[in-house]
Amino acid sequence: MGSTVTEATDPWCLRPGEAGELLRGHPWRRFVVLGDSVAEGMCEPVDGYPDLQWADRIGAELRAVRPELAYRNLGRRGLRAHEVRATQLAAALEFAPDLALVVCGGNDAFRPGYDPEAVDAELATIVTALQGAGADVITVGMFDVSHSPAVPEPLRAGLSERMRRLSAHTGRLAARLGTLHVHLTDHPLVADPSLYSSDGRHGSARSDAIATAETLRVLNTHLHPRSEPAPTS
């Protein structure tokens, strides 16, 4: 990424006014976020990109269309999937959301002993409980942070394999449960070092801007599904 690129000129980010068009007429009134540090917001500042993190960006864009929208972010750094369920699900349900973003499993995948089936079970419990309470649920296949320059080379291959396995499992679970799934793992810029923070675990303000664009496009597809072509006689 050249030094002159900013969010306003970044081809992977939203253009002025695009968010409002993507979310035009959306029905959501209560938006809740559950998860780990990605949900809480740990993006590293990048010149030319606002410091507003991903979940807060989504909340702000939803509220720009529907000013009465209530937004609560329960995300806390360092939590594994079972801890997200144990410490956040009850509060999320009490909030009575009609839209929920769930981001967890990354801290599990950072460990060599990552158990994908166990994470799947925790995520499925969270998603089905939220859906049962009437919420549309957003799930995420995260950027592969092994591309961060801060990840030591000997750890890179193993971390990439686990992050991609987490993404694949989450994608299959999303298809089975019918979530609104945002797949970032194979984004064209996934290997671009500008997307990652200097701690080797989180994203940058640029990655949050790109994730916001991809999330709003998924919401738009849900709001305005393309019509199937009429059958030919």
Side-chain angles (χ1 to χ4, degrees), residues 1-14 33 35-58 75 77-81 84 101-116 119-120 123 138-174 181-218:
M1 182 179 64
S3 59
T4 59
V5 175
T6 66
E7 183 166 357
T9 60
D10 192 327
W12 300 104
C13 295
L14 297 171
V33 177
D36 52 27
S37 57
V38 178
E40 179 186 355
M42 296 286 290
C43 70
E44 191 163 271
V46 174
D47 288 344
Y49 294 79
D51 289 344
L52 191 64
Q53 61 96 7
W54 176 33
D56 288 351
R57 282 172 172 265
I58 297 169
R77 69 196 69 181
L79 298 186
R80 296 172 64 185
V84 171
L101 170 63
V102 181
V103 189
C104 63
N107 288 314
D108 298 84
F110 261 91
R111 300 165 180 257
Y114 163 57
D115 182 346
V119 172
D120 285 357
L123 184 56
I138 307 166
T139 52
V140 185
M142 292 179 286
F143 289 113
D144 178 1
V145 74
S146 73
H147 291 289
S148 169
V151 174
E153 184 62 38
L155 303 180
R156 198 177 300 275
L159 178 58
S160 179
E161 189 277 330
R162 295 191 302 276
M163 292 299 294
R164 288 187 167 275
R165 199 185 333 162
L166 170 64
S167 178
H169 272 252
T170 304
R172 287 194 291 269
L173 183 143
H181 190 63
V182 182
H183 182 65
L184 301 171
T185 316
D186 293 314
H187 190 279
L189 290 187
V190 69
D192 190 313
S194 72
L195 265 58
Y196 304 103
S197 70
S198 58
D199 68 2
R201 297 182 69 91
H202 300 103
S204 69
R206 189 187 189 201
S207 72
D208 276 21
I210 292 170
T212 298
E214 296 300 321
T215 304
L216 297 196
R217 288 170 185 141
V218 168

Please report the closest heavy-atom contact between [X] and [Y], naming both atoms and the distance.
X: G35; Y: L79; value: O-CD1, 4.3 Å
X: D51; Y: P45; value: OD1-CB, 3.5 Å
X: Y49; Y: C13; value: CE2-SG, 4.1 Å
X: G141; Y: H181; value: N-CE1, 3.4 Å
X: S197; Y: A150; value: O-CB, 4.3 Å
X: N107; Y: G78; value: ND2-C, 3.4 Å

Quick one about R156 and S146 (side-chain donor to acceptor, distance below 3.5 Å, no hydrogens or angles considered), yes or no? no
Which residues pass the side chain to side chain contact (heavy atoms under 4.5 Å, CB included) test with V218, sequence neighbours left out? L180, V182
Look up atom [atom1] in [X] and atom [atom2] in [Y], then write down how far apart they are to the nearest 0.5 Å.
X: E214; Y: S207; atom1: CD; atom2: OG; result: 12.0 Å
X: T139; Y: L123; atom1: OG1; atom2: CG; result: 7.0 Å
X: T185; Y: F143; atom1: OG1; atom2: CZ; result: 8.5 Å
X: L159; Y: H147; atom1: CG; atom2: NE2; result: 9.5 Å
X: M42; Y: R77; atom1: CE; atom2: CZ; result: 4.0 Å
X: R217; Y: L14; atom1: CZ; atom2: CG; result: 5.5 Å

Main chain of [Y], side chain of [X]: is a donor-acceptor contact present, judged purely on distance under 3.5 Å?
X: S148; Y: V145; answer: no
X: S167; Y: M163; answer: no
X: R162; Y: R111; answer: yes
X: T212; Y: D208; answer: yes

Output all residues satisfying salt bridge (Lys or Arg N to Asp or Glu O under 4.0 Å) with [X], sequence neighbours left out; order by chain, then residue number.
X: R80; value: D108
X: R201; value: none
X: D36; value: none
X: R172; value: none

Qualifying residues under side-chain hydrogen bond (donor to acceptor under 3.5 Å, both in side chains), relative to H183, sequence neighbours excluded: D186
Reference residue D144; test side-chain contact (heavy atoms from CB on, under 4.5 Å); the match among L195, L166, V190: V190
